[in-house]
Amino acid sequence: MSSTLHETATVPVDGGVPELTHWIGGRTTPGGSGRSGDVTDPATGEVTARVPFASAEEVFDAVAAAKAAFPGWRDTSLSARTQILFRFRELLNARAGELAAIITAEHGKVLSDAAGEVARGQEVVEFACGMPHLLKGGATENASTGVDVHSVRQPLGVVGIISPFNFPAMVPMWFFPIAIAAGNTVVLKPSEKVPSAALWMAELWREAGLPEGVFSVLHGDKVVVDGLLTHPDVRSISFVGSTPIARYVYETGTANGKRVQALGGAKNHMVVLPDADLDLAADQAINAGFGSAGERCMSISALVAVGGIADTLVSKIAERARALRTGDGRRSCDMGPLITRAAQERVSGYVDAGEREGATVVVDGRDVTPDGDGSGFFVGPTLLDHVGTDMSVYTDEIFGPVLSVLRVDSYDEAVAMVNANPYGNGTAIFTNDGGAARRFQNEVEVGMIGVNVPVPVPMAYYSFGGWKNSLFGDTHAHGTEGVHFFTRGKVVTTRWLDPSHAGVDLGFPQSS
Ligand code: NAD
């Protein structure tokens, strides 16, 4: 398998950038719609490839291939299916560095962060390797005289996954290992900004022995999303992206009879109580505010300082923020570029607006000198103090390296602020007071909570998902909720009037 960026799944082009292909029915499929987009290295601003945008007809082709593969895959034994999952895991372990390099080249996040993303996705693959256990149903003997009852869970069929730019590998892996292990066939539409990680993983599946058509990758934009949302043979949609699109996907998908989980945007608060260890809090505010240049749905963007600690805490965070190196993710920097020029301009524009509206710019990333190409899309770490809840830097999801400090007098005010926010993805409290932490986890209206942990991303065997405008639908990603999402339950009630005999076989029983 060829393995590095744009060596795979491309159409050779004389004198131009490579053209990526779709991956349908287990092989590369050149785009046929005539529409395409640029893939850009955000650290240099250079266009590195073109990605085809599929037409509605190509959506039909991919779904048809997935539908054709479904009966065979569904009927493949659990042992055989999970052996392929184990092989995928082994291959991914051996080649994780290649995938991380592809992520850095298209997303921009620093290599160590990209490797961390791959590792968190791999945890879901490992969870899905336990599918035989996860799919076990219940059984009741003699529920009525001579009558037994048992339950099973069965795959849905063709399932669609639509993913955002900020986790090119991990977010698809929140879903597809579980969907595939449970016996479904998958059509993945990755973000058109970061298409190569999905293609690399498709080739890895082929090498792991996954039958053709079980995993397809279709690139594109709204045309593909709408095609999947309305196609009668697509049984479910797993979406991750911004809140307006998540809401649209949920409403359109469910109106078309599909099961939908649509994870949206975020505005995550870190509440620091007066008794907290302020050095720990400052370190973690830096990690969670500026990791991946703030382009994480679990980034901390609002730091709520309670009581009289704000001046000390702000100066500790500022000192650390000024020491960070922003630059090309391949050069051992702390923080990489933003995804596009438009994102760079949008983030800088928010800082301008915050300043106009009265916030204090303590650390200014707008004119950062990056360790990298001057044409990259860089904004350095930015710290705003005295932010109010009516300022756009607070009300909007900025999705960049901008940490806003809000000052309140009491714990009650802090919790009220978090709960009044329309998003409810993640939050954290920093304190040494167990009673306060216990109250917080009980009272706060947010799906994922950290106690002295700033980015509380649940392990694969728990489920990931927020509340309020951060998730539409009632099922979170991975963990047992993920298994339920990708399967349907059946309950079987049985009465046998005659005993049955399996014949004579002295061999040691084995699964097949
Ligand atoms: P986005 O909403 O712009 O795009 C997400 C997906 O939707 C992409 O595949 C894109 O091609 C598609 N899309 C874009 N516009 C569309 C339209 N008009 N109609 C149909 N489909 C459309 O999000 P993004 O910028 O790629 O990702 C960043 C966002 O994702 C942030 O808001 C972030 O908080 C969110 N996010 C949330 C989570 C979570 O778990 N809640 C995780 C990661 C990212």
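Remember, it's 1-based here, ligands and their atoms both numbered in the order they're listed. Note that the coordinates shown come from a computational prediction; the quantities given were computed from them, not determined experimentally. Residues take their numbers from the sequence shown, with the count starting at 1.
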**Prompt:** Who's closest to atom 35 (C) of ligand 1 heavy-atom-wise, of Gly265, Pro164, Gly241?
**Reply:**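 Result: the heavy atom closest to atom 35 (C) of ligand 1 is in Gly241.
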
So, regarding [X] and ligand 1 (criterion: nitrogen or oxygen to nitrogen or oxygen, under 3.5 Å), is there a contact or not?
| X | answer |
| --- | --- |
| Ser242 | yes |
| Lys189 | yes |
| Tyr248 | no |
| Glu192 | yes |
| Asp226 | no |
| Val225 | no |

Less than 4.0 angstrom from a charged side-chain N to a carboxylate O is my criterion; do [X] and [Y] meet it?
| X | Y | answer |
| --- | --- | --- |
| Arg120 | Glu123 | yes |
| Asp396 | Arg346 | no |
| Arg366 | Glu355 | yes |
| Glu295 | Lys109 | no |
| Asp38 | Lys193 | no |

Which residue supplies the protein heavy atom nearest to [atom], what is that atom called, and how far is it?
| atom | result |
| --- | --- |
| atom 7 (O) of ligand 1 | Phe239 CE1, 3.3 Å |
| atom 19 (N) of ligand 1 | Lys222 CG, 3.4 Å |
| atom 9 (O) of ligand 1 | Ser163 O, 2.8 Å |
| atom 17 (C) of ligand 1 | Ile245 CD1, 3.6 Å |
| atom 32 (O) of ligand 1 | Glu397 OE1, 2.7 Å |
| atom 24 (P) of ligand 1 | Phe165 CD2, 3.6 Å |
| atom 37 (C) of ligand 1 | Gly264 O, 3.0 Å |
| atom 39 (C) of ligand 1 | Cys297 SG, 3.4 Å |

**Prompt:** Nearest protein heavy atom to atom 41 (N) of ligand 1: under 4.0 Å?
**Reply:**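 True for atom 41 (N) of ligand 1.
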
**Message:** Tell me whether ligand 1 is touched by Gly466 - counting only heavy atoms on the residue side and a distance under 4.0 Å.
**Reply:**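 No, Gly466 has no heavy atom closer than 4.0 Å to ligand 1.
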
**Prompt:** Touching ligand 1 at all, Phe53? Heavy atoms, strictly under 4.0 Å?
**Reply:**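 It does not, in that no heavy atom of Phe53 comes within the 4.0 Å cut-off of ligand 1.
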
Hey, is [X] touching ligand 1 through its side chain, its backbone, both or neither, going by heavy atoms under 4.0 Å?
| X | result |
| --- | --- |
| Trp174 | side chain |
| Thr243 | neither |
| Lys193 | neither |

